[in-house]
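A short worksheet on the structure shown next.
Because the structure is predicted, anything quoted here is derived from the model rather than measured. Order of appearance sets the numbers: ligands from 1, and atoms from 1 within every ligand.
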Amino acid sequence: MRHPVLTAASLLLLSHSLSAAGISESRRAELLGLLKHDCGSCHGLSLKGGLGPPLTPAKLQGKPVEFITATILYGRAGTPMPPWRPFLSDGEAAWLAGRIKEGVQ
Ligand code: HEC
């Protein structure tokens, strides 16, 4: 029989390492690295703008998370903003959109 305290502890660990979107802690770190380096190459290392517009909470106020998620997944045709669908799942893109809206720093 499993020890009840240990079981509770492992459940806690499990709920900590998996977010509501089911993204593991290590994948989240990868996604934040992608945001900084890949997205940052156009949007600026601190997302304050460059070739691409700033991705700061103030600038994205009024733009719904769903809209930002769709922009990340499908890109913007006719602009340098590329689609990230080959690299990100819907849930991962939505998670990143949430981080950007909150302000990642
Ligand atoms: C090759 C350059 C480039 C890269 C790399 C890039 N973007 Fe963009 N992004 C742009 C440009 C340019 C626009 C503006 C498109 C337009 O004119 O509507 C944009 C627009 C956006 C917008 C819409 C902003 C708004 O105010 O509506 C979001 C959100 C966004 N990018 C997120 C990302 C994320 C997240 C990544 C990384 C996963 C990323 N971008 C990588 C160039 C880039």
Closest to atom 12 (C) of ligand 1 among protein heavy atoms sits Pro80 CD, 3.5 Å
The option among Gly78, Pro53, Gly52 carrying the non-hydrogen atom nearest to atom 14 (C) of ligand 1 is Pro53
Under 4.0 Å from one or more heavy atoms of Ile68, ligand 1 contributes atoms 29 (C)
Note: ligand 1 atoms sitting under 4.0 Å from heavy atoms of Phe67 are 27 (O)
Would a hydrophobic clustering, with Ile, Leu, Val, Met, Phe, Trp and Tyr connected at side-chain separations under 4.5 Å, put Leu31 with Val65? no
Ligand 1 to Pro82, heavy atom cutoff 4.0 Å, flagged ligand atoms 3 (C), 4 (C), 6 (C), 7 (N), 43 (C)
Per-atom filter on ligand 1: closer than 4.0 angstrom to a heavy atom of Thr71 are 21 (C), 22 (C), 23 (C), 28 (C)
NZ (Lys36) and OG (Ser41) are apart, to the nearest 0.5 Å, by 13.5 Å
**Prompt:** Would you say Ile23 and Leu32 are hydrophobically clustered, going by side-chain heavy atoms of ILVMFWY under 4.5 Å?
**Reply:** yes
Atom 28 (C) of ligand 1 has as its nearest protein heavy atom Leu55 CD2, 3.6 Å
- Item | Close approach, Phe87 and ligand 1, non-hydrogen under 4.0 angstrom | no
Check your understanding: Are side-chain heavy atoms of Thr69 and Asp90 found at a separation under 4.5 Å?
Key -> no
Per-atom filter on ligand 1: closer than 4.0 angstrom to a heavy atom of Thr79 are 15 (C), 16 (C), 17 (O)
Check your understanding: Hey, are the side chains of Ile68 and Leu96 touching, using non-hydrogen atoms and a 4.5 Å cut-off?
Key -> no
Smallest heavy-atom separation, Phe87 atom then Glu92 atom, equals O-OE1, 4.0 Å
Donor-acceptor contact present, side-chain Glu102 to main-chain Arg99, <3.5 Å: no
d(Ile100 CD1, His43 NE2) to nearest 0.5 Å is 8.0 Å
Quiz item: Checking only N/O/S atoms, does His43 have one that is under 2.8 Å from atom 8 (Fe) of ligand 1?
Solution: yes
Legend entry - Any Ile100 heavy atom less than 4.0 Å to ligand 1: yes
Problem set entry | Any donor-acceptor pair under 3.5 Å from Lys101 side chain to Leu60 backbone | yes
Nearest non-hydrogen contact to atom 16 (C) of ligand 1 from the set Glu92, Arg76, Lys63, His37 belongs to Arg76
Check whether any heavy atom of Leu96 sits under 4.0 Å from an atom of ligand 1. no
**Message:** So Leu51 and Pro80, do their side chains get closer than 4.5 Å, heavy atoms only?
**Reply:** yes
Closest heavy-atom approach to atom 43 (C) of ligand 1 among Gly40, Pro54, Ser41, Cys42 is made by Cys42
For atom 34 (C) of ligand 1, the closest protein heavy atom turns out to be Cys39 SG, 3.4 Å
Heavy atoms of Phe67 and Arg76 approach each other most closely as CZ-NH2, 3.1 Å
query: Does any non-hydrogen side-chain atom of Asp38 lie less than 4.5 Å from one of Trp84?
result: yes
For Leu60, the atoms of ligand 1 under 4.0 Å from one of its heavy atoms are 25 (C), 26 (O)
For Asp38, the atoms of ligand 1 under 4.0 Å from one of its heavy atoms are 5 (C)
Under 4.0 Å between heavy atoms, the region of Lys59 that gets near ligand 1 turns out to be neither
At under 4.0 Å between heavy atoms, what of Met81 touches ligand 1? The answer is both
